[in-house]
**Student:** 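Quick one: the structure is below, and I'll ask about it shortly.
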Amino acid sequence: MIAQTLIINRQQIESYNIQLSQSIYDNKLNQLIQEAQFNDLRPLLGTRFYNDILKKISVSDTTYDDLLNGSEYEYMNETYFNYGLRIVLSYYTFARWSMFGDITDTPFGQTKRTNTELETPLTIAEKKQAYNNNQNIAWNYWLSVKDFLNRNYKDYELYDTCLRQKPKFKLYKLG
């Protein structure tokens, strides 16, 4: 099923020097990747474009390789670098892992995995801070991808034009 296609995997996340414990369960990590794809990445790309990317990945089509993996490109006689959607998604996923990764569903309800003899779990405030920090990192990488898409919009026609256009209204303070 195309909706279950993952844009990244554990090895790709780790390739960006994001530290994931080897004890992380892949099914939990894959759940968080799916959530980050749908809730964080899809709104940035637009649904049609997002679905097309998943469709192409599911059949190993290389159409979007530069977009996914990053690339160097020329625009108006300047060289720019697009960091790629995979690094964006990696940080969105890691943000979710930081906030929700230790929650496990059991027959007795949801629990939090800890080993209190050796470690001190993060407080909710510390988790929120890690979540927000990784969301900000993802957003900053996204800005390079957004510039790439806007500058190469003829090659990526499914990228929503409403996401490319600047607002055509101004706000004024009255009084």
Side-chain angles (χ1 to χ4, degrees), residues 2-22 24 26 28-58 60-101 122 125-167:
I2 291 174
Q4 295 174 339
T5 300
L6 297 178
I7 295 173
I8 57 170
N9 58 40
R10 172 191 291 275
Q11 291 75 28
Q12 289 164 323
I13 293 170
E14 290 172 342
S15 75
Y16 298 114
N17 296 317
I18 296 174
Q19 182 182 349
L20 293 175
S21 168
Q22 292 303 315
I24 293 174
D26 282 338
K28 180 67 174 184
L29 181 61
N30 291 344
Q31 172 197 343
L32 295 172
I33 291 169
Q34 288 258 277
E35 290 174 10
Q37 283 180 195
F38 189 77
N39 294 305
D40 299 320
L41 194 59
R42 183 187 51 83
L44 297 175
L45 297 171
T47 301
R48 287 178 55 220
F49 191 36
Y50 170 78
N51 288 340
D52 194 56
I53 290 170
L54 292 184
K55 192 182 308 178
K56 297 265 193 308
I57 289 173
S58 72
S60 301
D61 184 320
T62 60
T63 301
Y64 294 124
D65 277 3
D66 284 348
L67 176 64
L68 292 168
N69 301 318
S71 61
E72 193 173 289
Y73 65 99
E74 296 286 325
Y75 179 73
M76 296 182 73
N77 298 321
E78 291 287 330
T79 301
Y80 294 92
F81 191 74
N82 154 38
Y83 286 91
L85 285 178
R86 285 196 166 115
I87 194 169
V88 173
L89 186 56
S90 293
Y91 276 98
Y92 277 128
T93 300
F94 191 62
R96 288 178 178 280
W97 179 259
S98 299
M99 191 69 182
F100 309 111
L122 295 178
E126 291 169 322
K127 286 179 152 193
K128 283 182 182 176
Q129 186 62 47
Y131 178 81
N132 290 333
N133 287 346
N134 285 295
Q135 289 269 324
N136 287 336
I137 292 168
W139 178 256
N140 287 325
Y141 279 119
W142 161 249
L143 294 176
S144 80
V145 176
K146 180 180 167 191
D147 287 343
F148 173 75
L149 288 167
N150 286 334
R151 292 170 180 157
N152 296 284
Y153 67 92
K154 291 179 182 176
D155 296 332
Y156 301 98
E157 292 178 1
L158 289 177
Y159 180 57
D160 279 345
T161 55
C162 65
L163 298 173
R164 281 199 313 268
Q165 296 173 352
K166 293 181 182 175

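Just so we're clear, the structure is a prediction, and the values are computed from it rather than from any experiment.
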**Student:** May I ask you to say whether K56 pairs ionically with D52, meaning some side-chain N is under 4.0 Å from a carboxylate O?
**Tutor:**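 D52 and K56: salt-bridged.
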
**Student:** Can you find a pair of side-chain heavy atoms, one from I33 and one from I8, that are under 4.5 Å apart?
**Tutor:**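 SC-SC contact between I33 and I8 confirmed.
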
**Student:** Taking it one step at a time, do Q135 and D40 satisfy side-chain contact (heavy atoms from CB on, under 4.5 Å)?
**Tutor:** CA-CA 9 Å; Q135 289 269 324; D40 299 320; 3.9 Å; yes

**Student:** With a 4.5 Å cut-off on side-chain heavy atoms, are Q19 and F94 touching?
**Tutor:**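 When only atoms from C-beta onward are counted, Q19 and F94 do not touch, as no gap falls below 4.5 Å.
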
**Student:** With a 6.0 Å cut-off on ring centres, are Y91 and Y16 close enough?
**Tutor:**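 That pair fails the under 6.0 Å test.
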
**Student:** Taking all non-hydrogen atoms of both residues, which atom of F38 and which atom of Y50 are closest, and how far apart?
**Tutor:**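 Heavy atoms only, the tightest pair is N-OH, 3.8 Å.
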
**Student:** Do any N or O atoms from the side chain of S144 and from the backbone of Y83 form a donor-acceptor pair under 3.5 angstrom?
**Tutor:**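 Flag set: sc S144 to bb Y83 pair under 3.5 Å.
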
**Student:** What residues form a side-chain hydrogen bond (donor to acceptor under 3.5 Å, both in side chains) with D61, not counting sequence neighbours?
**Tutor:**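 Listed in chain order: T63.
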
**Student:** Which atom pair, heavy atoms only, marks the closest approach of R86 to I7?
**Tutor:**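 Heavy-atom minimum between the residues: NE-O, 2.7 Å.
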
**Student:** So which heavy atom on S98 is nearest to which on Y131, and how close?
**Tutor:**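 Looks like CB-N, 4.3 Å.
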
**Student:** Dump the intermediate steps for side-chain contact (heavy atoms from CB on, under 4.5 Å) on L45 and L149, then the final yes or no.
**Tutor:** CA-CA 10 Å; L45 297 171; L149 288 167; 4.1 Å; yes

**Student:** For the CZ atom of F148 and the CG atom of D155, what is their distance to the nearest 0.5 Å?
**Tutor:**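 Answer for the CZ-CG pair, F148 versus D155, is 7.5 Å.
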
**Student:** To the nearest 0.5 Å, what is the distance between CG on N39 and CG on L41?
**Tutor:**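 Nearest 0.5 Å value for the CG-CG distance: 10.5 Å.
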
**Student:** Using 0.5 Å steps for rounding, measure from the CD1 atom of I87 to the CG atom of L68.
**Tutor:**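 Answer for the CD1-CG pair, I87 versus L68, is 13.0 Å.
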
**Student:** Once rounded to the nearest 0.5 Å, what's the spacing between atom CG of D65 and atom CD1 of I57?
**Tutor:**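 Here the interatomic distance stands at 9.0 Å.
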
**Student:** Any side-chain heavy atom of L44 sitting closer than 4.5 Å to one from V145?
**Tutor:**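 When only atoms from C-beta onward are counted, V145 and L44 do not touch, as no gap falls below 4.5 Å.
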
**Student:** Which one of N30, T93, D26 satisfies the side-chain hydrogen bond (donor to acceptor under 3.5 Å, both in side chains) criterion with R10?
**Tutor:**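 One option only clears the test, and that one is D26.
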
**Student:** Got a second to check how far R42's CZ is from Q37's CD, nearest 0.5 Å?
**Tutor:**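 Here the rounded value is 11.5 Å.
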
**Student:** Can you name the closest pair of heavy atoms from E14 and L20 and give their distance?
**Tutor:**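 Heavy atoms of E14 and L20 come nearest at OE2-O, 3.6 Å.
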
**Student:** Is the shortest side-chain heavy-atom distance between L89 and Y141 below 4.5 Å?
**Tutor:**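 No, every pair of side-chain atoms sits at 4.5 Å or beyond.
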
**Student:** For W139 and W142, take the angle between the two ring planes, folded into 0 to 90°, and tell me which bin it lands in: parallel under 30, tilted 30 to 60, perpendicular over 60.
**Tutor:**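 Tilted, since the angle between the ring planes falls between 30° and 60°.
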
**Student:** Please name all residues satisfying salt bridge (Lys or Arg N to Asp or Glu O under 4.0 Å) with D66, sequence neighbours left out, ordered by chain then number.
**Tutor:**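 Salt bridge (Lys or Arg N to Asp or Glu O under 4.0 Å) list for D66, sorted by chain: empty.
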
**Student:** Nearest 0.5 Å please: distance from the CG atom of N152 over to the OH atom of Y73.
**Tutor:**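 It is 6.5 Å, given to the nearest 0.5 Å.
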
**Student:** Does some side-chain heavy atom of I18 sit less than 4.5 Å from a side-chain heavy atom of N134?
**Tutor:**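 In short, these two side chains do not touch, never coming nearer than 4.5 Å.
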
**Student:** Which is it for Y80 and D147 under the side-chain contact (heavy atoms from CB on, under 4.5 Å) test, yes or no, and what are the steps along the way?
**Tutor:** CA-CA 9 Å; Y80 294 92; D147 287 343; over 6 Å; no

